[in-house]
A.B. asks: 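Take this structure, written in structure tokens, and hold onto it; I'll ask about it next.
Reminder, nothing fancy here: chain letters follow the sequence lines and each chain counts from 1.
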Amino acid sequence: MSTESTAAPEVKANRDESGGSLWTDAWRRLKKNKPAMVGLFFIILLVFVALTADFIAPAGPYTQDLGARLSKPGAHRAIGGGGLYLLGSDQLGRDILSRIIHGSRVSLAVGLVSEFIVSFLGISLGAIAGYYGGKADAWIMRLSDIMFAFPDLLFAIGIMFALGPNIFNVFIALGVVGWAGMARLVRSQILSLKEMEFIESARAQGISDFRIIVRHLLPNCLGPIIVSITLGIPGAILGEAGLSFLGLGAQPPMASWGSMIYDARPYFSTFPYFSIFPGVAIMIVVFAFNLFGDGLRDALDPRLKN
Amino acid sequence: MLQFIARRLLAAIPVLIGVSLITFILMNVVPGDPISAMMEKRADEATIQKLRHAYGLDRPLYLQYLSFVGHAARGDLGRSFRTDQPVTEALAQHFPATVKLALSSMIVGMLLGLAVGIISAVKQYSVFDHGSMVLALSFISAPIFWVAILLQILFGLYWKVLPISGYSGWTYMVLPAFVLGSRYAASIARLTRSSLLETVRQDYIRTARAKGLTERVVIFKHALKNAMIPVITVIGLQIGGLLTGAILTESVFAIPGLGRLAISAINHRDFPLIQGTVLFTAVVYVLANIIVDISYAYLDPRIRLQ
């Protein structure tokens, strides 16, 4: 409890300076958190690389150089204007660095799209369950119990099998797998908020249920929702990598980090670079999101920080 | 306590029904139907019709579902399309390897995780603390199959101390158990650390210290017991992650477990086998969670009353 007594006056002091809201306070705390800032830096870098992949990649992700298959990092490139294979080339002579750069798009897209699906399903179902209670709540919660009864990857594998392996189905599979956790989070937040006076007053004014949920309840649970999304993105990225590694995700010739490691499997003993570099990319990005998410959680709820 | 166990078991029944229904739906939304999907274009229409009738796939879906559940409840999951082996027999053959992998990883994870977590908390902000927490987050961030490949390269090819893959003796289990266990250890270490740090700030610990008890007694006799409650919850919650990780780990190390069974069934589009494996794994997961809940209630009497 000693943390709270020391942290509280500091927060108040900050607020007096700027008259800042929850968000500016949180941002101020976040800025002081070095690991979170390092995470944010790498996230921005990922977004930059994904957006500019066509310009910064030294070669096309599909450009084959069959004369230079599995060349070591630093080998000279014979085609496409020369240059080096900085990270080597793969089994079809494609530049590994360029494929990693283009693969960032897949990882970013998987993280964003599947978390969008998770949020859309989870927030709407969680809000309905929490706000209306009763039968709707009971059905939605039973459904989420059932979802929790499947290990994540197993369920995603089932969906991929049913829908067929391609990257769009990975979005859907990972989105459908994740909604239950979000629904429970939103439900519990709304359960504790809906009895508060400001909601009672909104109701007394005759404001519609939809408006109360969207304008009054959800903005007040935005903090935990954002943290959950931030920490869900690395989960989705790892999920895509896992599915692609099993051959159920991105299909050739698409450059995804998981599928690159899948392609590299036959060569892991003779040409280890091929499996190592895409994995490093995954690890850095997931690590960055985890650092940033942890920092965000601490910043939005200073009580949790130790 | 008995009442709690009974309640928990009863609550599992609707979940299991839901699990069987969702598994069935997943397997039956596949475009076309199982037989033509399996045969692709290798059989003519008449043969497909004959097979559909033989497997009862020409009946209405709800009848198919009822017969699936009815047989499943009596321990009959049908026969593999490909090998004609009863699905339950295939499951019985592959289950022990997965259990062995999961249990040994759990032991590695708990021992390693608890030790690192406790030392980190006691020596907060030390080099060990910072180092091990960065390492823990790295293990959480790295794709498990990639860690597996790295360790194969390092221990199997470079140092040549452990077998790379296969399943014939305990040395074959060392790398897989460590790979899967390290990820488990990482989350347990992080949680043990934060939970223990929170506990030692409480008043009763201050009292214990004021009495002049040694630090060892304070930590191990007083703090650790209460700090363990959230850790045990997470150990339970991670069982799903363990099964998911097992699928990927088995695939890298060629361990003949449920994960390998599921992947090979998918590659051969062997519907009864996939359906059976998914259902069986989900049931195992539900039962494992019940066991965790019961042990949790045993350790923390407050739970029983909820």
Side-chain angles (χ1 to χ4, degrees), chain A residues 1-4 35 142-143 145-165 234 237-248 257-258 261-262 264-265 268-270 272 275-276 278-280 282-291 294 304-306, chain B residues 11-12 14-19 21-23 25-31 124 134 137-138 140-147 149-150 152-153 156-157 164 194 197-198 201-203 239-248 251-252 259 262-263 266-267 269 274 277-278 281-283 285-286 289:
Chain A
M1 293 296 108
S2 61
T3 41
E4 237 172 65
R142 286 304 77 74
L143 197 60
D145 283 346
I146 294 167
M147 293 298 302
F148 275 109
F150 290 97
D152 285 359
L153 186 70
L154 186 75
F155 197 73
I157 288 176
I159 296 180
M160 292 311 294
F161 173 72
L163 300 179
I237 292 175
L238 285 178
E240 183 272 330
L243 288 173
S244 294
F245 177 71
L246 293 173
L248 297 169
W257 296 340
I261 302 179
Y262 174 75
R265 285 187 74 177
F268 86 98
S269 56
T270 48
S275 20
I276 291 174
V280 172
I282 300 175
M283 188 165 92
I284 291 175
V285 166
V286 173
F287 197 95
F289 272 105
N290 280 330
L291 281 183
D294 281 355
L304 289 175
K305 203 176 177 205
N306 43 58
Chain B
V15 171
L16 290 177
I17 293 174
V19 164
L21 188 61
I22 288 191
T23 310
I25 292 172
L26 266 186
M27 294 306 136
N28 284 279
V29 296
V30 180
Q124 197 187 1
V134 169
L137 197 59
S138 312
I140 291 174
S141 304
I144 194 162
F145 54 87
W146 179 71
V147 175
I149 293 173
L150 285 192
Q152 277 183 331
I153 294 175
L157 291 172
I164 294 174
S194 65
L197 282 176
E198 207 169 291
R201 290 209 178 88
Q202 287 182 7
D203 290 340
I239 291 178
L242 210 59
L243 284 172
T244 294
I247 295 176
L248 291 166
S251 156
V252 176
I263 301 298
I266 284 180
N267 289 337
R269 307 197 68 82
I274 300 166
T277 315
V278 172
T281 314
V283 170
Y285 185 36
V286 170
N289 275 323

A.B. asks: For residues A/V286 and B/I140, determine if any side-chain heavy atom of one lies less than 4.5 Å from a side-chain heavy atom of the other.
C.D. replies: no
A.B. asks: What distance separates A/R265 CZ from B/I149 CD1, expressed to the nearest 0.5 Å?
C.D. replies: 6.5 Å
A.B. asks: Any chance you could measure A/L246, atom CG, to B/I263, atom CD1, to the nearest 0.5 Å?
C.D. replies: 4.0 Å
A.B. asks: Could you tell me which of A/D145, A/I237, A/I261, A/L143 has the largest number of non-hydrogen atom pairs under 4.5 Å with chain B?
C.D. replies: A/I261
A.B. asks: Using heavy-atom distances under 4.5 Å, tell me whether A/P234 contacts chain B through its side chain, its backbone, both, or neither.
C.D. replies: neither
A.B. asks: Heavy-atom distance under 4.5 Å to chain B: side chain of A/F148, backbone, both or neither?
C.D. replies: backbone
A.B. asks: Is A/V285 close to chain B through its backbone or its side chain, or both, or neither, when contacts mean heavy atoms under 4.5 Å?
C.D. replies: neither
A.B. asks: Are any side-chain N or O atoms of B/W146 and backbone N or O atoms of A/S275, one a donor and one an acceptor, separated by less than 3.5 Å?
C.D. replies: yes
A.B. asks: Tell me whether A/F155 at atom CZ has more than 12 heavy atoms from other residues, nucleotides or ligands lying less than 6.0 Å away.
C.D. replies: yes
A.B. asks: Please rank A/F287, A/F289, A/F268 by heavy-atom pairs under 4.5 Å with chain B and give me the top one.
C.D. replies: A/F287
A.B. asks: Using the test side-chain hydrogen bond (donor to acceptor under 3.5 Å, both in side chains), find all partners of A/D152 that sit at least two apart in sequence or belong to another chain.
C.D. replies: none
A.B. asks: Given a strict heavy-atom distance threshold of 4.5 Å, which part of A/L248 is in contact with chain B: side chain, backbone, both, or neither?
C.D. replies: side chain
A.B. asks: Name the member of B/V252, B/L242, B/N267 that forms the most heavy-atom pairs with chain A at distances under 4.5 Å.
C.D. replies: B/V252
A.B. asks: For the CE atom of A/M283 and the CG atom of B/L150, what is their distance to the nearest 0.5 Å?
C.D. replies: 8.5 Å
A.B. asks: Looking only at heavy atoms, which two atoms of A/P151 and B/T281 are closest? And how far apart?
C.D. replies: CG-CG2, 4.3 Å
A.B. asks: If we define contacts as heavy-atom pairs under 4.5 Å, which of B/L243, B/V286, B/V278 has the most with chain A?
C.D. replies: B/V278
A.B. asks: For the side-chain contact (heavy atoms from CB on, under 4.5 Å) test, which of B/I247, B/T277, B/I274 pairs with A/I157?
C.D. replies: B/I247
A.B. asks: Roughly how far, to the nearest 0.5 Å, is the CD1 atom of A/I282 from the OG atom of B/S141?
C.D. replies: 11.5 Å
A.B. asks: Between atom CZ of A/F161 and atom CZ of B/R269, what is the distance when rounded to the nearest 0.5 Å?
C.D. replies: 4.5 Å
A.B. asks: Between B/L248 and A/G242, which heavy-atom pair has the shortest distance, and what is it?
C.D. replies: CD2-O, 3.8 Å
A.B. asks: Calculate, to the nearest 0.5 Å, the distance between atoms CZ and OG belonging to A/F245 and B/S251 respectively.
C.D. replies: 5.0 Å
A.B. asks: Pick from B/L21, B/V134, B/V19: which one has the most heavy-atom pairs with chain A under 4.5 Å?
C.D. replies: B/V19
A.B. asks: Between B/T244 and A/L154, is a side-chain contact (heavy atoms from CB on, under 4.5 Å) present by the stated rule, with each step listed?
C.D. replies: CA-CA 7 Å; B/T244 294; A/L154 186 75; 5.8 Å; no
A.B. asks: Specify the closest pair of heavy atoms between A/G279 and B/P143, including all atoms of both residues, with the distance to one decimal.
C.D. replies: O-CD, 4.4 Å
